[in-house]
Visitor: 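Provided herewith is a single structure, encoded as structure tokens, for subsequent inquiry.
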Amino acid sequence: PQIVRRLWQFKPQLIFANAFTAWTAIALLLKPICRWKVIVTYEGGSAIYENPNSTIRYQARRMMARLADAFVVNSRAGKTYLLDILQVDPDRVFAKPFLVPSLPTLLQSSPTEAPQSDASMKRPLFLSVGQIIPRKGLKNLIAACQILQQQGYENYTLAIVGDGEQQPELAALVNESGLAKQVLWMGKIPYRYLGAYFQLADVFILPTYDDIWGMVVPEAMAFGKAVICSTGAGAAEMVEEGANGFVYAPDDVERLAGYMQKFIDNPDSIRLMGDRSAQIMLEHTPKTATDSFVKA
């Protein structure tokens, strides 16, 4: 409740509110009295969270959407949700990714803290970063490695950064499958050091079942990496199919293995696709993200 007093004292002309939260509701309900404008920033929807059968949530969001002056939305999926489900006027929606990486923030590790390539890391080096939990789809990524193994592919490395409840199960699966030489568990890494791991990698993979955005994808692209991303991540829209990477359905393990095989068989494509990723990210910087807020 203290937010009401503070807003009353500050008397802003414009408020940027984050998504459909209680804070946003307060700002919108006070609009007629305080005569400020409210712009809602919206990252996008999650298949798990955006339950179309939740009537209360839908009605509340429809009311908030009518009261808001404009929206800045991070993804095309989020824009579709606002236009088609909440029926927001298209003239009030400004769509451009604002969840973009800052490379200096990711590159704060010292030489002694940065990962080092060694003979055990066979190239190409595939990298996956995130929680090791079922929703992130890592079991399917390991299943793709099993397919590669059956086809005789061993000359690559998969480095997994992160930790979580599923790691013991997946580590046992890796050992039982004879993939211990291919799969490296890097553990949980502080965010400020992650840039060194992106730099070390050749190709980034996000096998998630459901992520509203998937910040690791634009982070990898900003470091000039080719990417393989599941359609479960909103950031899959950043991938130009065949130009800077590939997109696949989370359960399509054979297709994932096939894309990994393409990079193993055609290592020259890694650099070309990585260059395209870096080029794409020139249009998605903290500066361009700020511009979309100013435009709104």
Side-chain angles (χ1 to χ4, degrees), residues 18-21 41-52 54 57 61 71-82 85 95-102 105-106 126-144 158-167 169-170 186 188-191 194-195 197-198 201 203-223 225-241 244-253 255-256 259-260 277 280-281 284 289:
N18 182 38
F20 298 97
T21 64
T41 65
Y42 185 57
E43 294 180 19
S46 160
I48 291 176
Y49 183 73
E50 306 292 4
N51 182 356
S54 179
R57 175 180 292 131
R61 289 187 172 194
F71 289 84
V72 178
V73 61
N74 184 65
S75 66
R76 289 197 291 266
K79 181 179 180 180
T80 298
Y81 176 75
L82 292 176
I85 305 302
K96 189 177 181 69
F98 57 78
L99 291 178
V100 296
S102 165
T105 304
L106 288 159
F126 298 98
L127 174 68
S128 186
V129 176
Q131 291 177 287
I132 304 177
I133 56 177
R135 177 172 62 84
K136 292 295 186 176
L138 282 167
K139 191 169 186 178
N140 287 343
L141 179 52
I142 292 172
L158 170 62
I160 299 175
V161 172
D163 63 4
E165 63 189 40
Q166 200 183 20
Q167 183 168 349
E169 172 196 343
L170 298 186
M186 312 302 288
K188 186 177 181 179
I189 305 298
Y191 185 78
L194 276 181
Y197 288 82
F198 284 119
V203 179
F204 183 79
I205 302 177
L206 180 60
T208 184
Y209 276 101
D210 186 76
D211 269 285
I212 291 177
W213 183 234
M215 186 67 173
V216 285
V217 171
E219 286 170 350
M221 289 174 56
F223 281 100
K225 302 302 170 182
V227 295
I228 303 174
C229 181
S230 82
T231 54
E237 70 179 48
M238 302 288 287
V239 181
E240 296 178 355
E241 186 75 19
N244 74 309
F246 301 101
V247 175
Y248 72 101
D251 280 323
D252 196 343
V253 176
R255 186 174 293 272
L256 172 56
Y259 288 146
M260 295 175 72
S277 282
I280 292 170
M281 289 307 295
H284 301 287

Visitor: For the residue pair V217 and C229, what are the closest heavy atoms and their distance?
Guide: CG2-SG, 3.9 Å

Visitor: Mind checking whether H284 and P218 have side chains closer than 4.5 Å, heavy atoms only?
Guide: no

Visitor: How many angstroms lie between atom CD of E219 and atom OG of S102, to the nearest 0.5 angstrom?
Guide: 9.5 Å

Visitor: What's the shortest heavy-atom distance between L206 and A233, and which atoms?
Guide: CD2-CB, 3.6 Å

Visitor: Restricting to non-hydrogen atoms, name the atom on A235 and the atom on G214 that form the minimum distance, rounded to 0.1 Å.
Guide: CB-O, 3.6 Å

Visitor: Who passes salt bridge (charged side-chain N to carboxylate O under 4.0 Å, His left out) against R76, sequence neighbours left out?
Guide: none

Visitor: Quick check: do M221 and P101 have side-chain heavy atoms less than 4.5 Å from each other?
Guide: no

Visitor: Does a side-chain heavy-atom distance below 4.5 Å link S277 with K225?
Guide: no

Visitor: Taking V247's backbone N and O only, do any of them form a donor-acceptor pair with E241's side chain (distance below 3.5 Å, no angle check)?
Guide: yes

Visitor: To the nearest 0.5 Å, how far apart are OG in S230 and CZ in R255?
Guide: 13.0 Å

Visitor: Within the 4.5 Å heavy-atom criterion, are F246 and L256 side-chain neighbours or not?
Guide: no

Visitor: Starting at CG of L138, measure out to OG of S128 and round the result to the nearest 0.5 Å.
Guide: 4.5 Å

Visitor: Is the shortest heavy-atom distance from the side chain of L82 to the side chain of K79 under 4.5 Å?
Guide: no

Visitor: Test side chain to side chain contact (heavy atoms under 4.5 Å, CB included) on M260 and L141; report intermediate values, then the result.
Guide: CA-CA 10 Å; M260 295 175 72; L141 179 52; 4.0 Å; yes

Visitor: State, to 0.1 Å, how close E165 and P134 come at their nearest heavy-atom pair, and which atoms those are.
Guide: OE2-CD, 3.8 Å

Visitor: Answer yes or no: is there a side-chain heavy-atom contact under 4.5 Å between Y197 and I189?
Guide: yes

Visitor: Would you find a donor on one side and an acceptor on the other, under 3.5 Å apart, between the side chain of W213 and the backbone of L99?
Guide: yes

Visitor: Roughly how far apart are I142 CD1 and I160 CD1, rounded to 0.5 Å?
Guide: 5.0 Å

Visitor: Identify the heavy atoms of V227 and A220 that sit nearest to each other, and give their distance.
Guide: CG1-CB, 4.2 Å

Visitor: Compute the centroid of each ring, for Y42 and then for Y81, and state whether the two points are separated by less than 6.0 Å.
Guide: yes

Visitor: Do N140 and P207 make a side-chain contact, defined as non-hydrogen atoms from C-beta onward lying under 4.5 Å apart?
Guide: no

Visitor: How long is the gap from CG on L106 to OH on Y191, to the nearest 0.5 Å?
Guide: 4.0 Å

Visitor: Checking T208 side chain against G232 main chain: does a donor-acceptor pair fall under 3.5 Å?
Guide: no

Visitor: Rounded to the nearest 0.5 Å, how far does CZ of F126 lie from CD1 of I228?
Guide: 5.5 Å

Visitor: Below 4.5 Å, heavy atoms only, C-beta onward: do Y259 and I205 meet side chain to side chain?
Guide: no

Visitor: D251 and Y209: which non-hydrogen atoms are nearest, and at how many Å?
Guide: OD1-OH, 2.5 Å

